[in-house]
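All remarks here apply to the structure that follows.
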Amino acid sequence: MGKSGLLDLEKHFAFYGAYHSNPINVLIHTLFVWPILFSTLIFLHFTPSVCDFSDKVSFLPCGLFGHALVFNLGFLFTLIYASFYYCLDKKAGSLAALLCFACWVGASLLSNRLGFSLAWKVAVAAQLICWTGQFLGHGIFEKRAPALLDNLIQALLMAPFFVLLEVLQVFGYEPYPGFHANVEAKIRTEIKEWQDKKQKKIS
């Protein structure tokens, strides 16, 4: 059964889905959303650390992690996203949480290897390419402004989980019976309301 309030997955998914109903735009977001998360973690890797995890992974081959894994804003960012996704849906959320931590580890290792200057250049390039692709997807195919212009936090927080659920849906997954039917109905309602408002402004 669905949850309510902050953990209302149907509400979150319908909100985001109403801005991503075009298949090509959905595909663009599927390709670009997680790289945005990854490159954001590259930026956050260079924030001040609170704790060094390198001594906690001493059982791994020497030099594999070095001092790459540190408790900083990147780890906190990852923990918040992973925890929120798990609370939304334990099955898909567990996979999303695993992907979040995999991105954190990967971004930390890459940042540590490239160094501050080159890592930032790589991250900036990735952000520019991915954000440009998504805005083009909205302008050309969706023909609607991105969700972040209406609710920045909800859009940024839900984007990675949304595209993951879209992929899992292809394989027949849904958080609970009737989820997709309920969401589709809400999406159609939200799109119709948006179209009505748009028509009123024109007329």
Side-chain angles (χ1 to χ4, degrees), residues 1-38 40-41 76-104 130-131 133-201:
M1 292 297 292
K3 300 175 182 178
S4 59
L6 183 62
L7 300 180
D8 188 343
L9 182 57
E10 282 188 17
K11 180 180 178 181
H12 288 305
F13 200 85
F15 165 78
Y16 203 83
Y19 292 82
H20 305 86
S21 58
N22 180 276
I24 298 178
N25 191 37
V26 171
L27 176 61
I28 290 173
H29 282 68
T30 301
L31 295 175
F32 289 150
V33 164
W34 281 90
I36 287 176
L37 176 65
F38 186 91
T40 298
L41 290 171
L76 181 60
F77 179 90
T78 302
L79 185 62
I80 291 173
Y81 269 61
S83 300
F84 183 59
Y85 295 156
Y86 178 78
C87 291
L88 285 174
D89 177 47
K90 287 183 171 56
K91 292 181 180 179
S94 295
L95 177 58
L98 182 63
L99 289 173
C100 285
F101 279 104
C103 285
W104 171 65
C130 292
W131 280 111
Q134 290 189 99
F135 277 104
L136 288 175
H138 279 280
I140 298 174
F141 301 106
E142 194 73 43
K143 300 188 184 305
R144 184 177 185 182
L148 59 85
L149 297 183
D150 287 335
N151 192 323
L152 179 62
I153 295 177
Q154 186 177 12
L156 294 179
L157 189 59
M158 279 304 299
F161 198 47
F162 172 82
V163 297
L164 177 62
L165 281 179
E166 285 286 337
V167 172
L168 293 177
Q169 183 179 351
V170 175
F171 298 97
Y173 176 79
E174 63 177 350
Y176 50 83
F179 173 80
H180 290 303
N182 294 340
V183 167
E184 284 300 322
K186 291 180 179 180
I187 288 176
R188 287 194 296 269
T189 300
E190 290 198 24
I191 291 178
K192 187 177 184 305
E193 290 178 355
W194 170 71
Q195 290 174 337
D196 290 342
K197 290 180 180 178
K198 184 179 179 182
Q199 190 61 38
K200 287 181 180 179
K201 290 181 179 180

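Just so it is clear, the model here is predicted, and its values are computed rather than measured. Basis for what follows: all heavy atoms, side chains included, without hydrogens, waters or symmetry-related copies.
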Does the side chain of [X] reach to within under 4.5 Å of the side chain of [Y], using non-hydrogen atoms?
| X | Y | value |
| --- | --- | --- |
| Q195 | I191 | yes |
| L9 | F179 | yes |
| L37 | L99 | no |
| L7 | F84 | yes |
| L165 | Y16 | no |

Could you list the residues that satisfy side-chain contact (heavy atoms from CB on, under 4.5 Å) with [X], not counting sequence neighbours?
| X | answer |
| --- | --- |
| E184 | I187, R188 |
| W131 | I36, Q127, Q134, F135, L148, L156 |
| A97 | A82 |

Check your understanding: What are the two closest non-hydrogen atoms of L164 and A92, and how far apart are they?
Key -> CD2-O, 3.8 Å
Point to revise | Taking every non-hydrogen atom, the tightest pair across C103 and W34 | key: SG-CE3, 3.9 Å
**Study point:** Geometric cation-pi criterion, K90 with Y86: 6.0 Å, 45°
**Key:** yes
Kindly write out the residues that satisfy side chain to side chain donor-acceptor pair (under 3.5 Å) with [X], not counting sequence neighbours, or none if the list is empty.
| X | answer |
| --- | --- |
| K91 | none |
| S21 | E142 |
| N182 | E10 |

Check your understanding: Do the ring planes of H20 and H138 sit parallel (below 30°), tilted (30 to 60°) or perpendicular (above 60°)?
Key -> perpendicular
Exercise for review: Hey, can you tell me if Y85 and F161 have their rings parallel, tilted or perpendicular (30° and 60° cut-offs)?
Suggested key: parallel
Practice item. Report yes or no: does R144 contribute a side-chain atom to a donor-acceptor pair with the main-chain N or O of A18 at less than 3.5 Å? Key: yes
Exercise for review: Drop me the distance from L157's CG to L88's CG, to the nearest 0.5 angstrom.
Suggested key: 8.0 Å
Check your understanding: Can a donor-acceptor pair be found between the side chains of H29 and N25 at a distance below 3.5 Å?
Key -> yes
